[in-house]
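Just so it is clear, the model here is predicted, and its values are computed rather than measured. Just so you know, ligand 1 is whichever comes first in the structure, and atom 1 is the first atom listed for that ligand.
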Amino acid sequence: MFNAILIEQHERGQRACKTEIADERLPAGDVTVRIEASTLNYKDALAITGKGPIVRSFPMIPGIDFAGTVESSDHPGIKVGERVLLNGWGVGEQHWGGLSEKARVRGEWLIKTPDEISSRDAMAIGTAGYTAMLCVMALERFGLSPTSGDVLVTGASGGVGGISIALLKQLGYRVIAATGRPTEETYLRGLGASEVLDRKQLAEPGKPLQKERWAAAIDTVGSRILANVCASIKADGVVAACGMAQGLDFPTSVAPFILRGINLLGINSVTRPRSERIEAWRRLGQSIGGLQLDQVTRDIDLADAIDAAKDLLEGKIRGRLAVNVQR
Ligand code: NDP
């Protein structure tokens, strides 16, 4: 038996609770992992609360991330006792996920946890931090460097935002943090932001071309803010867009793209090939000392994940939540 959060569907909607589950109910897969830590991402919060169509089949154990040790393996590349982690692949959506003491998955979804990173820290990073690294790598592939100019990060007090700031700062960029929580200014400056911008300045409908302000941006919120960000990027600049915390819409025109040569890079962590995942985690391991995970992360117990999901969607959580699945 193992403990997990289970989401079940009833006539009047869905319900999530912590419960004990028999090992025989684990889904098909060639590797079984004893999970040591998990986390709560925005997507997990949507799944647990039912506020977004994340769960594809019920009952479902949510959790798009986990880190732990291999308990049994029929996969040629993965040995019993190895430390592994998983991000995405539809886990926690269509295959039982990480908010659990155990998972059974396909071996090709797992990557080895870098030596520098403990299971808890891997989950303090989680899909949010891995996505922040994918955004940074996409900006670098585009040719961005610290001499290009300032980089804006939106949704700065959130998980992707906080780790993006710390990563960019460590790489030598001057970072501007846009937040709806000006009270978090000290925290954001502590992570490495040189300026903190009230997101109200970016939230109203604006002209498609505005004053040129930043060389690049990592956007975690979408909607009007992304439109205003694209309108304010310097000519030939670049935006890595990964999130939709404000909304899925994108009310702009082609003007920033055809009149200023702005480039918009879409980031989808779920579909990244294995080689890019391994590279992102290698670099996260290399950067671990500068990620300020103790500043960014709060540790919670498995049972707390249900209430925390509501708080996360209401914008009440700062940074990242690491989940101790054994408590
Ligand atoms: P968090 O909830 O931790 O952070 C989101 C932040 O967005 C909040 O902290 C808040 O920051 C800001 N925000 C919240 N509501 C609004 C609003 N109505 N308008 C403007 N800003 C708002 O989530 P994550 O950082 O984990 O994820 C951020 C986004 O990225 C989510 O949409 C998530 O689904 C997406 N994502 C996408 C991935 C991908 O592969 N593309 C992978 C991981 C995440 P503040 O208070 O500072 O303004």
Mark up the atoms of ligand 1 that fall under 4.0 Å of a heavy atom belonging to [X], in ascending order.
X      : result
Thr127 : 42 (C), 43 (C)
Gly243 : 29 (C), 30 (O), 32 (O), 35 (C)
Ser269 : 39 (C), 40 (O), 42 (C)
Gly180 : 45 (P), 46 (O), 47 (O), 48 (O)
Ile267 : 39 (C), 40 (O), 41 (N)
Met244 : 32 (O)
Gly155 : 6 (C), 7 (O), 11 (O), 12 (C), 47 (O)
Arg181 : 8 (C), 9 (O), 46 (O)

| field | Which segment of Thr154 sits under 4.0 Å of ligand 1 when only heavy atoms are counted | value |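 Answer for Thr154: neither.
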
| request: With heavy atoms only and a cut-off of under 4.0 Å, state how Val221 meets ligand 1: side chain, backbone, both or neither. | output: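 Side chain only.
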
Measure the distance from [atom] to every protein heavy atom, then report the residue, atom name and distance (to 0.1 Å) of the closest one.
atom                    : answer
atom 29 (C) of ligand 1 : Thr220 O, 3.3 Å
atom 25 (O) of ligand 1 : Val160 N, 2.8 Å
atom 36 (N) of ligand 1 : Cys242 O, 3.6 Å
atom 47 (O) of ligand 1 : Thr179 OG1, 2.6 Å
atom 34 (O) of ligand 1 : Tyr42 CD2, 3.4 Å
atom 16 (C) of ligand 1 : Ala245 O, 3.7 Å
atom 42 (C) of ligand 1 : Thr131 OG1, 3.1 Å

| task | Look at the side-chain heavy atoms of Ile, Leu, Val, Met, Phe, Trp and Tyr, link any pair under 4.5 Å apart, and say whether Ile64 and Ile317 land in one connected group. | result |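 No; Ile317 is not reachable from Ile64 via cluster members.
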
Report yes or no: does a heavy atom of [X] sit under 4.0 Å from some atom of ligand 1?
X      : result
Ala156 : yes
Arg199 : yes
Ile225 : yes

When you measure from the side chain of [X] to the backbone of [Y], do you find a donor-acceptor pair of N or O atoms at a distance under 3.5 Å?
X      : Y      : value
Gln14  : Ala47  : yes
Ser118 : Asp121 : yes
Arg298 : Gly319 : no
Gln326 : Glu101 : no

| pair Val33-Glu71: side-chain heavy atoms closer than 4.5 Å |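 Sidechains of Glu71 and Val33: no contact.
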
Are any of the N/O atoms in [X] less than 3.5 Å from those in ligand 1?
X      : result
Gly158 : yes
Gly159 : yes
Lys43  : no

When you check the side-chain N and O atoms of [X] and [Y], is any donor under 3.5 Å from an acceptor?
X      : Y      : answer
Thr179 : Ser157 : yes
Thr39  : Asp65  : no
Glu82  : Thr69  : no

| field | Side-chain ion pair, Glu314 and Lys310, N-O less than 4.0 Å | value |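 Salt bridge flag = no for Lys310 with Glu314.
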
| task | Enumerate the residue pairs fulfilling side chain to side chain donor-acceptor pair (under 3.5 Å) with a member in residues 276-293, sequence neighbours excluded, ordered by first and then second residue. | result |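 Those involving residues 276-293 are Asn87-Trp281, Glu140-Arg283, Arg272-Glu276, Glu279-Arg282.
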
| request: Work out which heavy atom in Ala166 is nearest to a heavy atom in Gly290; give both atom names and the distance. | output: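 Where Ala166 meets Gly290 most closely, the heavy atoms are CB-O, 3.7 Å.
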
| query | So which of Val151, Ile218, Leu191 actually passes side chain to side chain contact (heavy atoms under 4.5 Å, CB included) with Ile165? | reply |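 Answer to the side chain to side chain contact (heavy atoms under 4.5 Å, CB included) test with Ile165 among Val151, Ile218, Leu191: Leu191.
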
| task | Apply side-chain hydrogen bond (donor to acceptor under 3.5 Å, both in side chains) to the pair Arg213 and Ser232, showing each step before the final yes or no. | result | CA-CA 5 Å; Arg213 301 173 76 179; Ser232 309; 5.2 Å; no

